[in-house]
Amino acid sequence: MAESTSLLFNPRTYDPAHFDPETRRLLRATVDWFEARGKRRLIQDYRSRVWLADFLEFAAKEELFATFLTPASAAAGDGDRRWDTARIAALNEIFGFYGLDYWYAWQVTVLGLGPVWQSDNADARERAAGLLAQGEVFAFGLSERTHGADIYSTDMLLEPDADVPGGFRATGSKYYIGNGNAAGLVSVFGRRTDVEGPDGYVFFAADSRHPAYHLRKNVVDSSKFVSEFHLEDYPVAPADVLHTGRAAFDAALNTVNVGKFNLCTASIGICEHAMYEAVTHATNRVLYGRPVTAFPHVRRELTDAYVRLVGMKLFSDRAVDYFRSAGPDDRRYLLFNPMTKMKVTTEGEKVIDLMWDVIAAKGFEKDTYFAQAAVEIRGLPKLEGTVHVNLALILKFLRNHLLDPVDHPPVPTRLDAADDAFLFRQGPARGLGSVRFHDWRTAFDAYAEVPNVARFREQADALCAFVETSAPDEEQSRDLDLLLAVGQLFALVVHGQLILEQARLTGLDEELLDELFAVLVRDFSAHAADLHGKDSATEAQQEWALGAVRRPVVDTARSTRIWERVEALAGAYEMAP
């Protein structure tokens, strides 16, 4: 049992000993708070849609958000406070494991802080640090009802205030703003009425308790307070201005870069809790005189779900290292970040669907975590940009990554207690075409003897040939439907690369890796078949697509042994009542 459960988060055995003592204490205290609360109360709160006041009271008492979300530059010498992506990822996973409502209050606090920590406004930074220390939450006022997150078209208007030099009066509405009901500071994006073009953008700090801040409603039926609010003649003092001009635009995109990463580990946490429930139920369920798990299709679905979840964890853990090691001359994280958002979260949907096919009606029952997991897992691919937006972003890196590698110093595992300061000085949000990558083949070469890694490598090499000989022409490049199919193929190569890098760093056994890559081979073949059927696919592209289809290397004994690991999850964890 230990071998299979050690790859998954298990509150019964969780001990994050790889972190410093205070991080370890806070992560364990968070787990203990949820466990003491119990499953019945957790589900009751989810279904009654109550605001998370008691959770936020716990977080304030422990100074959880303040410790994890105050960068060292604003920590006033407190050595435990830093922006450390490794431990932030660990907390995301815990919140996802117990409920996305808790994660959401934390996530939008991350987003709300982004423009502040990128700002040179010392007063605003000091104010934010003080609010965090008091246990306040934050909000990110970017989206609008009419325009969504199209920041080029914001209708939040700032008129110069004749009575306050350098000040403004802000009027306008924001929509889909998490924590908008309670945020001590809301980072709001708008534009000046007296300046045209990009120079007119402004990011400013607002207070949800101010009389000119009008909370209209929660736009979702959930404990998550996803607000609509309206500012009417809201006074914006010079001390409230975080960014102006192009810097405000860059702050918006760079904040999303930071916050987007949190979606992958939240998805992992959801899947882990659901998997314990699903495997335990299936193992104890008898149909037609046989345990459900005796049926071959059930074993296949649960095994596929398990190895996909392992792949999600391997990819996300390795992406942390590139995030933390990023700098002006190494921006590889700009590819791996939308990958975590697009690929890992959609893998999470597949994991839940596979398990749901097995447990069927049980997945609807009101006393299960699975019932909420099946709903919540859908949200993560749709937050911080849709899958399609992030897939289109990933495509910008395709040619450089596949065909034009450069030498980069090896990136080590990054679990050190360091402050990830670069995330708040990313600079202009452009120049993606100049980002260069190390050779993806190296990770595959290290596992060339693993049958399904070798089989997938054939497909990855075929994709390189496609880019060189059959890439979409100028006219096809306007067909986003076709381009997204190509993007899915590319994403699989990047996904496999980081999985292999993390497998090497952690000593993952090759048998599990072989089973995982059998799934990836099938996925690549399915996306190739999808490309073949696209309306605008040329004859050469159709021929390539069929030629890229591969059958995984079948090893019944291997699959049986991996199934035994999955079966060992039955009863390994159940939340206290």
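Just the heavy atoms: all of them, side chains too, but no hydrogens, waters or symmetry mates, feed the values below.
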Just distance, no hydrogens or angles: give the donor-acceptor pairs under 3.5 Å from side chains in residues 128-144, sequence neighbours left out.
unit_1	atom_1	unit_2	atom_2	d
Gln134	NE2	Gly130	O	3.4
Glu136	OE1	Arg209	NH2	2.8
Glu136	OE2	Arg209	NH2	3.4
Glu144	OE1	Asp155	N	2.8
Glu144	OE2	Thr154	OG1	2.5
Glu144	OE2	Asp155	N	3.2
Glu144	OE2	Lys174	NZ	2.8

Exercise. For the rings on Trp103 and Phe97, is their centre-to-centre separation under 6.0 Å?
Worked result: no
Problem set entry | side-chain hydrogen bond (donor to acceptor under 3.5 Å, both in side chains) contacts in which one or both residues fall within residues 388-399, not counting sequence neighbours | Lys260-Asn390
For this session: Taking ring-ring contact (aromatic ring centres under 6.0 Å, His included) as the test, write out the residues that go with Phe189, two or more places apart.
Result: Tyr201, Phe203
With a 3.5 Å cut-off and sequence neighbours excluded, list the donor-acceptor pairs that the side chains of residues 157-164 form with protein atoms.
unit_1	atom_1	unit_2	atom_2	d
Asp161	OD1	Asp163	N	2.9
Asp161	OD2	Arg169	NE	3.2

Problem set entry | Partners meeting salt bridge (charged side-chain N to carboxylate O under 4.0 Å, His left out) with Asp317 (sequence neighbours left out) | none
Problem set entry | side-chain hydrogen bond (donor to acceptor under 3.5 Å, both in side chains) involving Arg47 - partner list, sequence neighbours excluded | none
For this session: Only pairs at least two apart or in different chains count here, so list each salt bridge (charged side-chain N to carboxylate O under 4.0 Å, His left out) that has a residue in residues 96-114.
Result: Asp101-Lys224
Seminar exercise, completed: Residues at least two apart in sequence or cross-chain that pass ring-ring contact (aromatic ring centres under 6.0 Å, His included) with Phe422, listed by chain then number, are none
Exercise. Can you name the ring-ring contact (aromatic ring centres under 6.0 Å, His included) partners of Phe229, sequence neighbours left out?
Worked result: Tyr213
For this session: Name all residues meeting the salt bridge (charged side-chain N to carboxylate O under 4.0 Å, His left out) criterion together with Asp481; count only those two or more places apart in sequence or in a different chain, and write none if there are none.
Result: Lys534
Seminar exercise, completed: Contacts of Trp106 meeting side-chain hydrogen bond (donor to acceptor under 3.5 Å, both in side chains) (sequence neighbours excluded), chain-then-number -> Asn92
Exercise. Can a donor-acceptor pair be found between the side chains of Tyr104 and Glu376 at a distance below 3.5 Å?
Worked result: no
Exercise. Do Thr244 and Arg192 get their side chains close enough for a donor-acceptor pair, meaning under 3.5 Å?
Worked result: no
Exercise. Sub-3.5 Å donor-acceptor pair from the side chain of Asp420 to the main-chain atoms of Leu423, do we have one?
Worked result: no
Problem set entry | Listed once per pair and sorted, the side-chain hydrogen bond (donor to acceptor under 3.5 Å, both in side chains) pairs that draw on residues 111-122, sequence neighbours left out | Gln118-Thr255
